[in-house]
Asker: 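My questions will all concern the structure given below.
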Amino acid sequence: MKGWKMVDVSQIVEENEASIQTGPFGTQLKASDYQSEGFPVINVRNIGLGQELNATLEHIGDHMAVKLKQHKLQFGDIVFSRKGAVERHLLITKKQNGYYQGSDCIRLRITSKDINKKFLSYFFLTEGHKQWMEAQGSFGATMGSLNQGIIKRIKFPLPPLPIQKKIAGVLSGYDELIENNNRRIAILEKMAEEIYREWFVRVRFPGHENTKIVKGVPEGWAVKRVKDIGTVVTGKTPSTAEPKYYTGKYSFIKTPDMHGNLFILQTEETLSEDGFRSQPTQILPEGSICVSCIGTGGIVTITTEKSQTNQQINSVISNKDYYLPWAFFTLCSLKETIKMFGSTGTTMTNLSKNKFANLKIFFPLNELLKQFHDVTIPLLEKHKTLLKANQNLKKTRDALLPRLISGKLDVENLDITLPPGMHS
């Protein structure tokens, strides 16, 4: 674009400041230093793409926070993964201001007033940049590795600051719509879960006042097993020696695809028609409930189309459609049980199909399950609709991204109202 110059990171950071800082080494921050509460820490597994924060955060206490004060993150910092997925980064938002930088991360802090951090973060999302980072990080190594020198060599287009803000504003508009939908999704899921807990955990379901309790259980409820919900299917990976089995229209679900997702809309890996038909007994219909039973146990999600899973996942195909909401939350409640029965003496869970299918559960009366379905299914369907809306918003944003960042789509003369998040 006319008037835009190409610069590299070394030109916008000051050498006398800790502008690019590697996270604390293992001797400074060990696994044993983490605790359930305290100051949140951004580790490699938390680094998503842009403002996406992945996985559950770990925490440190007061003493460790003082020790690692130079690793305290600020609003606008950009955190990279030093190992593995080096093309990923996290832009620290106001919400994450004051979090701490974990091991195997590199933090970039830009103080220049000529740079809009959101614009730079969006540049880091372009495919060209991510490919460059992967190439630099994998040079001479089997696993990606990032260092301060590579970060300093990153080149990016630098339009005038008002143009940077307009480009970031357009893209942020999409991200703020997505975030608003995410908040609504979280509320819907919490509402459905709270109704489940009220009816089936606290046992205050409609009509409970007139229901006889026998040995602590409502009359008519029975102790049954997971297999009584429906057919249990253990996943399987099609032969990787057959490239024709992969890259198609069918979702191939793995545990990382399930994290934080009540519904599965897309997966990192897909199967072709050949791959899908190569193992017909592993086909799951829409509305199947998938449960991770090897590795990270007890993660639960629901399929939205015909799918298959790998062998780390056991799935339940419900006998009755109206079982779905109750069965989902019931299987979610078995997380600690799955970990306990799948314990192998190590930190990894490994629960077999037979053990999973025979886990005991309380089975309420069918009429109550139908009532619960009718009350909660509208909440879950709205949840799914919002997820699909987010998927479309992301596609549109991602299509605009390279055209805006390259200047092919000119915004200079556009009257753009910046979204609320851009005024901070």
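For reference, positions follow the sequence shown, starting with 1.
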Asker: Indicate yes or no: does Glu273 engage Arg277 in a salt bridge with an N to O separation below 4.0 Å.
Answerer: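 The answer is yes: the pair qualifies as a salt bridge.
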Asker: Working to the nearest 0.5 Å, report the span between CG of Leu409 and CG of Leu404.
Answerer: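 If we round to the nearest 0.5 Å, Leu409:CG and Leu404:CG are 5.0 Å apart.
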Asker: For the residue pair His129 and Trp132, categorise the inter-ring angle as parallel (less than 30°), tilted (30 to 60°) or perpendicular (more than 60°).
Answerer: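 Parallel: the ring planes of His129 and Trp132 meet at under 30°.
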Asker: Give, for atom NZ of Lys155 and atom NZ of Lys5, the distance between the pair rounded to the nearest 0.5 Å.
Answerer: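 Going from the NZ atom of Lys155 to the NZ atom of Lys5 covers 12.0 Å.
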Asker: Answer yes or no: are there more than 12 heavy-atom neighbours, outside Gln70 itself, under 6.0 Å from its atom CD?
Answerer: yes
Asker: Determine whether more than 12 heavy atoms belonging to other residues, nucleotides or ligands lie under 6.0 Å from atom CG of Asn392.
Answerer: yes
Asker: List the steps, then state whether side chain to side chain donor-acceptor pair (under 3.5 Å) holds for Gln136 with Arg153.
Answerer: CA-CA 10 Å; Gln136 298 296 311; Arg153 294 198 301 273; 3.1 Å; yes
Asker: Under 6.0 Å from the ring centre and within 45 degrees of the ring axis: does the NZ or CZ of Lys355 meet both conditions for the six-membered ring of Phe341?
Answerer: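 Judged by the rule, Lys355 and Phe341 form no cation-pi pair.
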Asker: Examine the side chains of Tyr246 and Asp274 and answer whether a donor and an acceptor come within less than 3.5 Å of each other.
Answerer: no
Asker: Who passes side-chain contact (heavy atoms from CB on, under 4.5 Å) against Glu193, sequence neighbours left out?
Answerer: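 Counting only residues at least two positions away or on another chain, Glu193 forms a side-chain contact (heavy atoms from CB on, under 4.5 Å) with Lys190, Arg197, Phe329.
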Asker: Atom CG of Leu29 and atom CD1 of Ile60: how far apart are they, to the nearest 0.5 Å?
Answerer: 6.5 Å
Asker: Atom CZ of Arg88 and atom CG of Leu125: how far apart are they, to the nearest 0.5 Å?
Answerer: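 Answer for the CZ-CG pair, Arg88 versus Leu125, is 10.5 Å.
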Asker: Which atoms form the tightest heavy-atom contact between Ser121 and Gly50, and what is the distance?
Answerer: OG-CA, 3.8 Å
Asker: Looking at Leu284, Val300, Ile302, which one forms a side chain to side chain contact (heavy atoms under 4.5 Å, CB included) with Cys290?
Answerer: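 Looking at Leu284, Val300, Ile302, the match for Cys290 under the side chain to side chain contact (heavy atoms under 4.5 Å, CB included) is Leu284.
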Asker: Strictly by side chain to side chain donor-acceptor pair (under 3.5 Å), give each pair with a member in residues 298-307 just once, sequence neighbours left out.
Answerer: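 Only Ser251-Glu305 qualify under side chain to side chain donor-acceptor pair (under 3.5 Å).
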Asker: State whether Glu194 and Arg202 are salt-bridged, where the test is any N-O pair (Lys NZ or Arg NE/NH1/NH2 against Asp/Glu carboxylate O) under 4.0 Å.
Answerer: yes
Asker: Once rounded to the nearest 0.5 Å, what's the spacing between atom CG of Leu120 and atom OH of Tyr122?
Answerer: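 Spacing of CG (Leu120) from OH (Tyr122) equals 12.5 Å.
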Asker: Kindly assign one of parallel, tilted or perpendicular to the pair Phe119 and Trp4, based on the angle between their ring planes and the thresholds 30° and 60°.
Answerer: perpendicular
Asker: Testing the basics here: between Ala192 and Leu380, what is the closest heavy-atom pair and its distance to 0.1 Å?
Answerer: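 Scanning both residues completely, I find the closest heavy atoms to be CB-CD2, 4.1 Å.
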Asker: What about Phe362 and Trp326, are their ring centers closer than 6.0 Å?
Answerer: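 That pair fails the under 6.0 Å test.
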Asker: Taking the six-membered ring where the residue is Trp, are the ring centres of Phe80 and Phe124 under 6.0 Å apart?
Answerer: yes
Asker: Sequence neighbours left out, cut at 3.5 Å: what donor-acceptor pairs do the side chains of residues 226-236 make with other protein atoms?
Answerer:
unit_1, atom_1, unit_2, atom_2, d
Lys227, NZ, Asn358, OD1, 3.1
Asp228, OD2, Arg225, N, 2.9
Thr234, OG1, Asn314, OD1, 2.5

Asker: NZ of Lys72: more than 12 outside heavy atoms within 6.0 angstrom?
Answerer: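 Atom NZ in Lys72 is not packed in, count stays at 12 or less.
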Asker: Decide whether Asn390 and Asn182 meet the rule of one side-chain donor and one side-chain acceptor closer than 3.5 Å.
Answerer: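 A donor-acceptor contact under 3.5 Å links the two side chains.
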